[in-house]
Amino acid sequence: MCGIVGYSGRAAAAPVIYGGLKRLEYRGYDSAGIATLDGGNISVAKKQGKVSSLESCAENLSGETGIGHTRWATHGKPSDTNAHPHAIGKFAVVHNGIIENYAELKARYFPDTDFLSRTDSEIIVRLLDKFYSGNLLHALKEVSSLLKGSYAVLVICADFKGFAVMKYKSPVIVGGGRGESFAASDAPALAGLCKKISILEDGDFALASASGVKIYDNNLNPAARQKIINRATAASLDLNGCAHYMQKEILESPSAAENTVKAFSRVQGKLKEVFADVARVIITGCGTAYNSGLVAKRYIESFARMPAEAEIAGEFRYKNPVITTGTAVIAISQSGETADTVEAAKLAKSLGAKVIAVTNAPYSALTLVSDVVVPVAAGHEICVAATKSYTGQIAALYLTAKLLASLNKKPAAQTMKNAKAEICAIVPLLTDTVAHTDMDALAQVCARADGVYFLGRDIDYAVALEGSLKLKEITYIQSEGYPAGELKHGTLALIDENKTAVVIITDENLAIKCENAVEQVLSRKGKVAVITNVTGCARRLKGKVPVIEIPPSPKELSPLLSAAAVQLLAYKTALILERNPDQPRNLAKSVTVE
Ligand code: F6R
């Protein structure tokens, strides 16, 4: 959510920053801008639209130091003026985050000034300009003490041959190498540029120049931050012949599951310790991560026979949650940066819960508040819609629940070796599903529908919610996920010939019940398709409605396959409607603001 990039070195800054912004575009794509510094002169180019709209004007920016921004608007509509960088006097800044008290600060310090933009971010550059008296770090410190909210800010100042960084609650990494320094919101921006990166902590500042990056803590004392390998490489970000990242990432789901299983061994011991006295589990996350949490709830209840609840993180953090002795909170987040999930985890921890992070980002804000990190080894996910990370989460949560069951010696307990083997046995079936499931005909039906209802029972209902989220976010078709049995209690009123129901059926024991929902929709002239691995169900329904068969699997692992099917359905439908599946309107990946 908003991407920022900074460079200072010996090369022309604008092309380096442009390349970094292109690789960060998944964080926002409604406007973009670059500012460079050349011999004390600051030049700015900024435009509404995607990063590519900057290509021609960026060429005219001279200087070997610069900062750039790709925006996901929070305050102020997407426009050239509201695009970052914001420049005043000797300063230009780019900002990721939200300054919650910007109106208050404006009224206090600039009551008579007409601001150039409608953004919350402009206040930062105005304050720097006001408080600067020759010492950049002191000005940063003074300004940061006034700001409320979240920020990762890059600053160029006409007096400093480099750029400065300040960070609070929004992610920023820094790195350096032979005569150059970098900063960015996320590792892919620095793919191929920087092999080792450091993650700044809340309250940190940094000065970056051709002679390296100097990090300071909140008291402006020099600080050392751990250096980690930047795993994003040019090759890892390649589309590999796919038309979109979404397609590529769905195809990578089998390796996400397989690598997650391998990575689990590293944390098994620590997880056992954390689970030692646990008697109840709350699972939290947002969007797709919450949906995988709904699957995890079923795993924990059925394998470990332990009470488990799933709570949307943005709700959990603002209620007064009941955390009793022996409560563990599992916080799920692909990015590890989602503000609501990180704050929910912090709240849980402050109330005495053990916190288990399940994340694809091993060095993220979420991992800092967790007692143990269960890795999702899906690799970088660039498409805004989560796909392979969901698969990785399901694999990680399955193993986590099995481990809990084994500690509690419940009937579902088995050796972890068996649990891992069960997932590995699904991997070839998943490879087959993502490569060969034919969704073209059903996608045509969905593309013409006024609304699409995803229905299922039990674990299939959790996948129905994910199918609906995926479809609505990348096609903009109105969609709902619903428990199949609930249809007749209200939602059926919406069914007519322009509506489509996609019914997911992977449990033999519930198949007949779900087929009732099929009949109920057909009777109201709605269109219906079924995704199933139940042979009898397929036999009964073929000829009556389109049936998409997915490979048979143990019931609990069916989400690995049925979710891949609904992801493919959403992808194909988006293509028919000529939507960009990688960059859906109004959205961005990694929601680091509230
Ligand atoms: C949907 C999607 C979002 C994210 C949600 C949480 O396809 O990608 O709903 O799942 O914003 O993000 P993370 O997992 O990064 O916390």
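Counting starts at 1 for both ligands and their atoms, in listed order. The structure presented is a predicted model; accordingly, all values stated were derived computationally and were not measured.
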Atom-level proximity to ligand 1, residues with heavy atom under 4.0 Å: Cys286, Gly287, Thr288, Ala289, Ser333, Gln334, Ser335, Thr338, Val384, Ala385, Ala386, Leu469, Lys470, Glu473

Partners meeting side chain to side chain donor-acceptor pair (under 3.5 Å) with Glu301 (sequence neighbours left out): Lys297

Pairs where residues 284-294 contributes a residue and the test side-chain hydrogen bond (donor to acceptor under 3.5 Å, both in side chains) is met, not counting sequence neighbours: Thr288-Glu466, Thr288-Lys470, Asn291-Glu466, Ser292-Gln393

Geometric class of the Tyr398/Phe303 ring pair [parallel <30°, tilted 30-60°, perpendicular >60°]: perpendicular

Parallel, tilted or perpendicular, as decided by the 30° and 60° cut-offs, for the rings of Tyr571 and His244: perpendicular

Identify all side-chain donor-acceptor contacts of residues 448-455 below 3.5 Å with residues at least two apart in sequence or on another chain.
none

Asn320, CG: over 12 other non-hydrogen atoms inside 6.0 angstrom: no

